[in-house]
There are 2 protein chains.
Amino acid sequence: MAKVSVRTYSRYSREAMTLLGNLIRAARIEREMTAQEVAERAGISRGLLQRIEKGEPKCELGATFEVAALVGVKLFDIEATTLNGHIRQTEDKLALLPKSVRKKVKVADDDF
Amino acid sequence: MAKVSVRTYSRYSREAMTLLGNLIRAARIEREMTAQEVAERAGISRGLLQRIEKGEPKCELGATFEVAALVGVKLFDIEATTLNGHIRQTEDKLALLPKSVRKKVKVADDDF
DNA sequence: AAATAATGATCTATATATAACTCATAAAGC
DNA sequence: GCTTTATGAGTTATATATAGATCATTATTT
């Protein structure tokens, strides 16, 4: 059938996904875990794990992070123990920031 | 209707998703971009952006990374310019690692 | 305080990711 | 080299995420 919607991705996010996939695959092999094994533990199919390791965009974020955690890939290069602290930090920051962003109405007399 | 499948997530991945969502939201607000605006530029709906910022697991990895890139959240704390290098590194590593993991057959006489 | 714009929340139809299979190939270990 | 197991790739049915809408609420700016 005809393809209905095509989504595009920036180079940066494509590369980030590729990198994440590679990191996961390398970590899995280093830990001597089969794809089957990891998939089972993560509660996903082997096919999905394959796609995650390939860095394909159309995977569930949750499944991807779960797998990463499982094989020991650190997201954000942050230690598990400090994750909470970082969350707290962002919450504090968000508390200070405005709750909603108001677009400036275009100013007519701008440069004089 | 009855819920059909429930997926569970480890604490680490849940926290990682929450953190990512928070980082994205903070970055978006700091850059004074409305949710609408970011969603449009990323080619996704505002509803999906909301869920991404909430750190919900069932979002597309690609969409999430795309949004992160858009508002300037660095994945892996890695500069855009060096991403390629990191990919290369993992590829080199993968080239050295075994292509498939062979499970050791259970050793009967293990502890003597 | 009033006006207005942004966000939060919820709903439905539809596109699509996923699980579960199969088969072919490759590679590890003996 | 041989055997066996892991992986790669493809297919299909089904569960489900997403877009797109609406409405209520909140927050910003004047």
Side-chain angles (χ1 to χ4, degrees), chain A residues 1-9 17 21-22 24-26 28-67 71 94-108, chain B residues 1-9 17 21-22 24-26 28-64 66-67 71 94-107:
Chain A
M1 282 286 99
K3 193 175 284 183
V4 172
S5 93
V6 178
R7 188 167 283 177
T8 69
Y9 303 94
M17 291 184 280
N22 283 0
I24 287 175
R25 169 165 255 262
R28 174 176 68 78
I29 296 178
E30 280 183 329
R31 303 202 165 196
E32 302 190 0
M33 300 168 83
T34 66
Q36 184 78 290
E37 205 177 338
V38 171
E40 273 173 15
R41 288 210 211 178
I44 66 175
S45 65
R46 189 168 65 88
L48 178 54
L49 177 61
Q50 268 187 73
R51 289 173 40 223
I52 290 175
E53 291 189 349
K54 267 199 200 169
E56 292 187 12
K58 314 230 156 191
C59 304
E60 224 184 77
L61 178 71
T64 306
F65 276 27
E66 192 66 20
V67 168
V71 299
L94 280 168
L96 298 180
L97 287 171
K99 313 302 175 213
S100 71
V101 175
R102 200 75 169 214
K103 272 319 197 190
K104 295 266 174 277
V105 186
K106 186 164 171 69
V107 180
Chain B
M1 283 282 102
K3 194 174 284 180
V4 173
S5 92
V6 179
R7 187 168 284 176
T8 69
Y9 303 94
M17 290 184 280
N22 283 359
I24 288 175
R25 168 166 255 261
R28 174 176 69 78
I29 295 179
E30 279 183 328
R31 303 202 163 195
E32 300 190 2
M33 302 169 83
T34 66
Q36 185 77 290
E37 206 178 337
V38 172
E40 272 173 16
R41 288 209 211 178
I44 65 175
S45 64
R46 190 169 63 88
L48 178 54
L49 177 61
Q50 269 187 74
R51 290 173 41 222
I52 289 174
E53 290 189 348
K54 267 199 202 170
E56 291 187 12
K58 312 231 158 191
C59 305
E60 225 184 75
L61 179 71
T64 306
E66 192 65 20
V67 168
V71 299
L94 280 168
L96 298 179
L97 287 171
K99 313 302 174 212
S100 71
V101 175
R102 200 74 169 213
K103 270 323 198 191
K104 294 265 173 284
V105 186
K106 185 164 173 68
V107 180

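Everything numeric in this text was worked out from a predicted model, so none of it was measured.
Each end of the helix from C:dA1-D:dT30 to C:dC30-D:dG1 yields a helix axis from five base pairs, and these two axes differ in direction by 80° (to the nearest 10 degrees).
The distance from atom CD1 of A:Ile52 to atom P of C:dA17 is 13 Å, rounded to the nearest whole Å. Atom CZ in A:Arg25 sits roughly 10 Å away from atom C1' in D:dG8 (whole-Å rounding). For A:Glu60 and D:dT16, the CD to P distance is 10 Å, given to the nearest whole Å. One can place CG of B:Leu97 at 10 Å from P of C:dA28, the figure rounded to the nearest angstrom. Per the geometry, CZ belonging to B:Arg7 stands 8 Å off C1' belonging to C:dT18, to the nearest Å. Atom NZ in A:Lys58 sits about 9 Å away from atom C1' in C:dA15, given to the nearest Å. Nucleotide C:dT16 holds its P atom 14 Å from the CG atom of B:Leu48, rounded to whole Å. When the C1' atom of D:dT18 is taken as reference, atom CG of A:Leu61 falls 15 Å away, rounded to whole Å.
With rounding to the nearest 0.5 Å, the separation of CD in A:Glu60 from CD1 in A:Ile44 is 9.0 Å. In this structure, B:Ile52 CD1 and B:Arg28 CZ are separated by 11.5 Å, a value rounded to the nearest 0.5 Å. The line from CG of A:Leu49 to NZ of A:Lys54 is 12.0 Å long, rounded to the nearest 0.5 Å. With rounding to the nearest 0.5 angstrom, the CD atom of A:Gln36 is 10.0 Å from the OG atom of A:Ser45. In this structure, the separation between OG1 on B:Thr64 and CD1 on B:Ile24 is 6.5 Å, given to the nearest 0.5 Å.
Nearest approach of A:Val67 to A:Ala42, heavy atoms of both residues: CG2-CB, 4.0 Å. Considering all non-hydrogen atoms of both residues, A:Met17 and A:Pro57 come closest at SD-CA, 3.5 Å. Heavy-atom minimum distance, A:Leu48 versus A:Ala63: CD2-CB, 4.1 Å.
For B:Glu32, the side-chain contact (heavy atoms from CB on, under 4.5 Å) criterion is met by A:Val101, not counting sequence neighbours. Shown here are the side-chain contact (heavy atoms from CB on, under 4.5 Å) partners of A:Arg41, two or more places apart in sequence or in another chain: A:Met33, A:Glu37, A:Leu70.
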All N/O contacts under 3.5 Å from nucleotides 9-12 of chain C to the protein, with atom names and distances to one decimal?
from  : atom 1 : to      : atom 2 : distance (Å)
C:dA9 : OP2    : B:Lys54 : NZ     : 3.2

Pairs under 3.5 angstrom, nitrogen or oxygen only, protein versus nucleotides 24-26 of chain D, please.
none

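Salt bridge annotation for B:Arg7-A:Glu66: absent, with no cationic side-chain nitrogen under 4.0 angstrom from a carboxylate oxygen.
The nearest heavy atom of DNA chain D to A:Thr34 and to B:Arg51 marks one nucleotide each, and the one closer to the 5' end goes with A:Thr34. Position along DNA chain C of the nearest nucleotide to A:Ala63 versus B:Met33 favours B:Met33 as the more 5'-ward residue.
Under a 3.5 Å cut-off, the side chain of B:Arg51 and the backbone N or O of B:Lys58 do form a donor-acceptor pair. The main-chain N or O of B:Val71 is found under 3.5 Å from a side-chain atom of B:Arg31 such that the two form a donor-acceptor pair.
For the segment residues 36-45 of chain B, residues with any heavy atom less than 4.0 angstrom from an atom of DNA chain D are, sorted by number, B:Gly43, B:Ile44, B:Ser45.
OP1 or OP2 of C:dT7 lies within a sub-4.0 Å distance of a side-chain N or O belonging to B:Arg28.
Scanning atom types as modelled, no donor and acceptor separated by under 3.5 angstrom connect the side chain of A:Arg102 and the base of D:dT29.
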Exercise for the section: Could you go through the side chain to side chain contact (heavy atoms under 4.5 Å, CB included) check for B:Ile29 and A:Leu94 one step at a time? Expected result: CA-CA 9 Å; B:Ile29 295 179; A:Leu94 280 168; 4.3 Å; yes

